[in-house]
Amino acid sequence: MNFYERCWGIERANRVFNEMPKREDVVWNEAVKLNVKHEQWVRALELLREMQYSCMKVKGTTTVRVLQACGKLKALAQGKQIHAHVLRFGMESSVPICNVLISMYAKNGELELAGAVFNSMEDRNLTSWNSIISAYASFGFLDDAWNHFHKLKSSTIKPDIVTWNCLLSGHTLNGSYEDVLTILRMMQIYGIQPNSRSITCGLQSVIELGLLPHGKEIHNYVIRHDLDCDVYVGTSIVDMYAKRDCLDIARAVFNNLKSKNIFAWNSLISGYSFKGHLQDAENLVGQMEDAGIKPDIVTWNSMVSGYSMWGHTEKALDMIHQIKLSGLTPNVISWTALISGCSQNGKYRESLEYFIQMQEEGIKPNAVTISTVLQSCGGLSLLQKGKEIHCLSVKNGMTRDVCVATAIIDMYNKSGSWRSAHKVFKRIHKNSLASFNCMIMGFAMYGLGKEAISLFHEMCSIGITPDAITFTAILSACKNSGLVNEGWEFFDKMSRDYNVTPKIEHYSCMVDLLGRAGYLDETWDFIQKMPLKPDATIWGALLCSSRIHENIEYAEIAAKNLYELEPDNSANYVLMMNLYAMSNRWKDFDHVKELMNSAGLKNGQAWSWTQIDHTVHHFSAGQSTHPDCGEIYFELYQLISQIKKLGYVPDVSCVYQDIDDVEKEKVLLSHTEKLAITYGLMKRKGSAPIRVIKNSRICSDCHTVAKYISMLRKCEIIIKDGVRFHHLSKGNCSCKDCW
DNA sequence: ATAGGGTTAG
């Protein structure tokens, strides 16, 4: 039989077997084992059944082999049949057979059955214990695994390296990386030498936890125990250094590797690419090819991701082309890398275009792709497109994914529809810290301070601990709703009760909160006492508040710092010019204007847009480019005269030009958000809210006009300005006029 | 006869 197997393979061997006139038990057993070895599963089982029918003796070793195969092939039904056979022929007292039964059930995910077999055993050896501990650990039932470990320790049998490694890999799979390191320490206490498998678990944990010193310790251990010739260990070390930004060390370790497989190359390349050393990464790809290793899809994807993340979209696209040239097909990860890079760099439009292109090439998006694309929709406030993607994710059952759910909430918040965001939020079964943060931030953006605060309390009451991001959200909610006392309270509480040290963004919120409320001296005091060096956000907040409350003294201090910290930000110059204009200080006005000109800066173009059906309508300051321009102005004049009857008085202080009030009133009319709102009113169908996006901050006059229009025409108007959202209805705004 | 079988890209 063996001879035939060697010369002509399993089929020939089976034929010879069938032609044998008289077949002994031994031959039958050999035939079954052989078929299992060649993964001729059906045939092996047929033979086994024939043996059972003819009451032949099936040897223990044969049974073990077949059960092993049932585990590997996840053939639960067949496994159970053999289990029945084992019971019928009284083989259940055999320790090896029970051991393999445990393993078979575990591999098929039947932990209860595995446990039942283990419990029914009269005698157990170390392998039995290892099998059951491995079963529980590999499915994340770590408590059960430890329980059995402790029972084992109180018996006469001693755990070995396999036992420990089962626990290590269980904790690694479960993501409890601190525990992995603790177990490694325990092993040393018990005098068990970690082997290469233990080490790879440890290294993976060190990478996830970002504990480079521990990693170096493990590296030393590896060198001392000659484990660095293990391919997996070597690659993990390269990977660790590459991920922790120690590219030189990573390269040195890599160069010393005895055998360099594709994983090692890829780890190094991804390290260089991720850090933005793209030329080095590309050179490595060349070297890898010279060494006779063909770059695979992972190699190329590292390159796509690097280029795309660092803003070189064209090169990323070029890499996608290269993938095709090398005979491979760009997969969902290649495309997601490209799309995500665009989105992260603010190239939202491009990212949406590539999303379409990806689908045209027959690649289906997954949850990561969807979350990324939703970010792009939010970035552009494209509510319609965002809704489409939301539908797509529902259709594909992706809303259960925490990242997708959070991205949907964020998209609705950023697209002017906090109600939809809230609806999605409430429908999520188990909200996470991230989704709470996202929704609190959403309320904050609309000036819904009370709602944000009550959500904060709800979150704490169900046992979720707020983090630094939660406090940024809650403080900006207080800031956007003018809740000074509440803001102070949260600021005190965060370090006192929640052990979160305030960062610069928290200080910035406080400066904004105090300043806008008019407590400028207190704000100044606060900045002086801050333990951190004030940055542009702090001075920017002070400048804004000083402008609102027309305090030239503080404004000038803030501006002086800002001109140094961000000389290219025209907004700072413009704010200063506004302030001087308000106080009729035209000489100072001209001075700032010169300063701005000499820095080569222009006053940014103001624009607004609104979406009607599937078309985006753009309105730019000083241009009457819209085809329906005449009609829009006609409608606007009528609206203005109607709201004047309701009490509207134009706020000419919003015009910072040295002209008379009649002229100023005309200038007010041309503000782009008014045109966009008017157009939205003209074209809207039914009672859908009018949504307008504006690149800079809305002025107080437009804000007032929008409030009156919402009252007059009984409509909802949602305006996103450079900073936040305004949700207007029935003559009121969600921001309660504190901006 | 029986236990563990890993590392890279979004």
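Atoms considered below: every heavy atom in the structure, side chains included; atoms not considered: hydrogens, waters and symmetry mates. Residue numbers begin at 1 in each chain, while the letters A, B, ... track the order of the sequences.
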Picking from [options], which would you name as closest to the side chain of [X]?
X: P96(A); options: dG10(B), dT2(B), dG6(B); value: dT2(B)
X: S270(A); options: dG6(B), dT8(B), dT2(B); value: dT8(B)
X: D230(A); options: dG6(B), dG4(B), dG10(B); value: dG6(B)
X: F274(A); options: dT2(B), dT7(B), dG10(B); value: dG10(B)
X: I333(A); options: dA9(B), dA3(B), dG6(B); value: dA9(B)
X: S267(A); options: dT2(B), dG6(B), dT8(B); value: dT8(B)
X: N99(A); options: dT2(B), dA9(B), dA3(B); value: dT2(B)
X: N125(A); options: dA9(B), dT2(B), dG10(B); value: dT2(B)
X: F263(A); options: dT7(B), dG10(B), dG4(B); value: dT7(B)

Heavy-atom pair with the smallest gap, counting every atom of S176(A) and L142(A):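 For S176(A) versus L142(A), the nearest heavy atoms are OG-CD1, 4.0 Å.
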
Is there side-chain contact between M187(A) and I161(A), with heavy atoms separated by less than 4.5 Å?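 Counting from C-beta outward, M187(A) and I161(A) do come under 4.5 Å.
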
Please determine whether a side-chain nitrogen or oxygen atom of K260(A) lies at a distance below 4.0 Å from atom OP1 or OP2 of dT8(B).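 For dT8(B), neither OP1 nor OP2 has a side-chain N or O of K260(A) closer than 4.0 Å.
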
For a quick test of reading the model: is some side-chain N or O of Q204(A) closer than 4.0 Å to OP1 or OP2 of dG6(B)?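 For Q204(A), the contact criterion (side-chain N or O under 4.0 Å from OP1 or OP2 of dG6(B)) is not met.
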
If you look at every strand shown and take non-hydrogen atoms under 4.0 Å, does [X] touch a base, only sugar-phosphate, or nothing?
X: S196(A); result: base
X: T200(A); result: base
X: K243(A); result: sugar-phosphate
X: K107(A); result: sugar-phosphate
X: D239(A); result: sugar-phosphate

Whole-Å gap separating [atom2] ([N]) and [atom1] ([X]):
X: I157(A); N: dA3(B); atom1: CD1; atom2: C1'; value: 13 Å
X: W300(A); N: dG10(B); atom1: CH2; atom2: C1'; value: 18 Å
X: L126(A); N: dA1(B); atom1: CG; atom2: C1'; value: 16 Å
X: N266(A); N: dG10(B); atom1: CG; atom2: C1'; value: 14 Å
X: I161(A); N: dG6(B); atom1: CD1; atom2: P; value: 16 Å
X: N261(A); N: dT8(B); atom1: CG; atom2: C1'; value: 9 Å
X: E208(A); N: dT8(B); atom1: CD; atom2: C1'; value: 13 Å
X: D401(A); N: dG10(B); atom1: CG; atom2: P; value: 17 Å

Regarding S343(A) and S376(A), is there a side-chain donor-to-acceptor distance under 3.5 Å anywhere?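 A pair is found: one side chain offers a donor N or O, the other an acceptor, under 3.5 Å apart.
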
Pairs where residues 271-294 of chain A contributes a residue and the test salt bridge (Lys or Arg N to Asp or Glu O under 4.0 Å) is met, not counting sequence neighbours: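 The answer is E282(A)-K315(A).
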
Under the ring pair (Phe, Tyr, Trp, His ring centres under 6.0 Å) test against W164(A), which residue among W146(A), F149(A), W129(A) passes?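 Looking at W146(A), F149(A), W129(A), the match for W164(A) under the ring pair (Phe, Tyr, Trp, His ring centres under 6.0 Å) is F149(A).
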
Can you find a donor-acceptor N/O pair under 3.5 angstrom joining the side chain of N331(A) to the base of dG10(B)?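 In this structure, the two groups form no donor-acceptor pair.
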
With a cut-off of 6.0 Å (strictly less than), are more than 12 heavy atoms of other residues, nucleotides or ligands near CG of N255(A)?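 Yes, because the 6.0 Å sphere around CG of N255(A) holds more than 12 heavy atoms from other groups.
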
